[in-house]
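Below, chain A is the first sequence line, B the second, and so on; all start at residue 1.
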Amino acid sequence: MSNLGRGAGWNKALVNYAKTVDPKRSLDPSVLVACDEKTITIRDGYPKAKYHYLVLPRIPFQLEKAAAVRDQVHQDEQQGSSKETLRVSGGRLSLGPSKSDRIPPFHLESLESVLASPHCEQVFSALRRSRDVAVDLMRSEMVKDRQDGRSWDIMSGFHAIPSMEHVHLHIISNDLVSEKLKNKKHYNSFRPDLGFWLPFEEVESYVHQGLKKLPKGKKEYESLLKSPLVSFRDGSVHSNLPGLKAHLLSCWEGEMSKASGGPGSSPPPSSSSTPPQPRQAGDQSRLKRKSSQATSESEDEVVLRLKR
DNA sequence: GTTCTAGAAC
DNA sequence: GTTCTAGAAC
Ligand SMILES: Nc1ncnc2c1ncn2[C@@H]1O[C@H](COP(=O)(O)O)[C@@H](O)[C@H]1O
């Protein structure tokens with residue numbers, strides 16, 4: 001388990017987390033945020049903002065039987081199979097969990113494979129539940145960490161083309177202020193207004209519409225990562241990363257110091273953001289300036305301890 | 001000379 | 001994905 005960052009197997013780290021049998025026992029509390037029957041939420045190992053979690057469907061992922069039959073019906077309809085086949089698969093007699101009641105692990109390899117899976121509704125249903133929990137936990141953590149008890153926008157979404165194996169939902173504070181944000185690809189992959197970042201609700205709506213793949217192709221998404229360094233805050237263009245990072249820090253500090261609507265006031269807990277309209281390079285705006293462990297029976301077992 | 005980017009890693 | 005670092009850019 002030594003080659004986490006570099007070397008062969010670097011892209012398997014999240015699969016290992018997803019396979020954890022007893023996360024509360026075997027994962028360090030500094031890593032584990034929460035878990036339930038279907039998902040596990042961890043802290044991102046290289047956070048690209050002040051707060052950054054990952055929600056992973058667990059392996060094995062147990063299917064709800066009634067829903068699994070619906071999945072099968074849906075799949076059969078799409079494939080035009082006979083009702084005879086449907087009766088056999090849907091009417092199978094079985095008692096208790098069995099291997100055939102689990103999502104085949106390869107369906108969970110990536111966002112693309114989840115979308116293509118007949119079980120994507122169940123995966124997204126579990127992700128939504130855990131997303132909501134994770135956002136609440138992150139907000140609590142923000143409040144706890146600040147003397148003034150403020151919190152700010154939290155985004156949840158996917159990278160259109162992920163690098164790490166196993167589908168993972170990013171939950172990330174919308175500041176993008178982090179020492180670990182080191183290159184253009186990092187920034188553009190989380191820029192909410194570019195198109196590589198896919199808000200959770202957007203992908204969820206694809207699932208509900210029955211769309212089985214993303215609207216754009218791989219090459220198209222990848223080309224977005226090479227876009228110039230445009231601030232998601234005000235559309236300003238930056239000629240290098242250190243300059244952009246200084247700008248992002250000052251924007252966040254500004255947001256934190258401006259007058260608020262009162263004690264405890266914070267932005268609505270929406271997880272998407274509405275960015276400003278991109279501004280044309282060359283106009284007169286600022287350009288290129290140098291530089292508590294839950295007990296066993298709860299639905300969502302919250303592991304993150306919130307100190308008062 | 002220092003800062004910054006971007007490609008190799010067996 | 002990360003780390004390391006050569007050499008481009010300033
Ligand atoms: N060993 C690791 N442990 C925890 N998180 C990781 C690890 N390696 C990479 N990550 C994170 O996994 C995420 C993968 O992002 P992506 O595949 O681009 O959606 C990134 O945010 C990384 O910081």
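A sub-4.0 Å separation between OP1 or OP2 of B:dC4 and a side-chain N or O of A:Lys245 is absent.
Distance A:Leu181 CG to B:dC4 P: 15 Å, rounded to the nearest Å.
The one candidate from A:Ile171, A:Val133, A:Ile42 that meets the side chain to side chain contact (heavy atoms under 4.5 Å, CB included) condition with A:Val55 is A:Ile171. Under the side chain to side chain contact (heavy atoms under 4.5 Å, CB included) test applied with A:Leu63, the options A:Lys38, A:Arg102, A:His119 reduce to a single match, A:His119.
Across all strands, A:His186 comes closer than 4.0 Å only to sugar-phosphate atoms, never to a base (heavy-atom distances). A:Lys12 comes within contact range of no nucleotide atom at all, as no heavy-atom separation falls under 4.0 Å.
Where pairing requires Watson-Crick or G-U contacts shorter than 3.5 Å, the helical stems of DNA chain B with at least three consecutive pairs are B:1-9 with C:2-10.
Taking CZ of A:Phe124 as the reference point, atom CZ of A:Phe200 lies at 5.5 Å (rounded to 0.5 Å).
Legend: residues meeting side-chain hydrogen bond (donor to acceptor under 3.5 Å, both in side chains) with A:Ser223, ordered by chain and number and at least two apart, are absent. For the side-chain contact (heavy atoms from CB on, under 4.5 Å) test, residues two or more places apart in sequence or in another chain that qualify with A:Lys218 are A:Ile161, A:Glu222. Scanning for salt bridge (Lys or Arg N to Asp or Glu O under 4.0 Å) contacts around A:Asp28 gives an empty result, with sequence neighbours left out. Looking at residues two or more places apart in sequence or on another chain, you find a side-chain hydrogen bond (donor to acceptor under 3.5 Å, both in side chains) between A:Asp175 and A:Trp152, A:Ser173.
A salt bridge links A:Arg131 with A:Glu201: the distance from a Lys NZ or Arg NE/NH1/NH2 to an Asp or Glu carboxylate oxygen falls below 4.0 Å.
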So which protein nitrogen or oxygen atoms get under 3.5 Å of nucleotides 5-10 of chain B's nitrogens or oxygens?
from  : atom 1 : to       : atom 2 : distance (Å)
B:dT5 : OP1    : A:Leu241 : N      : 2.9

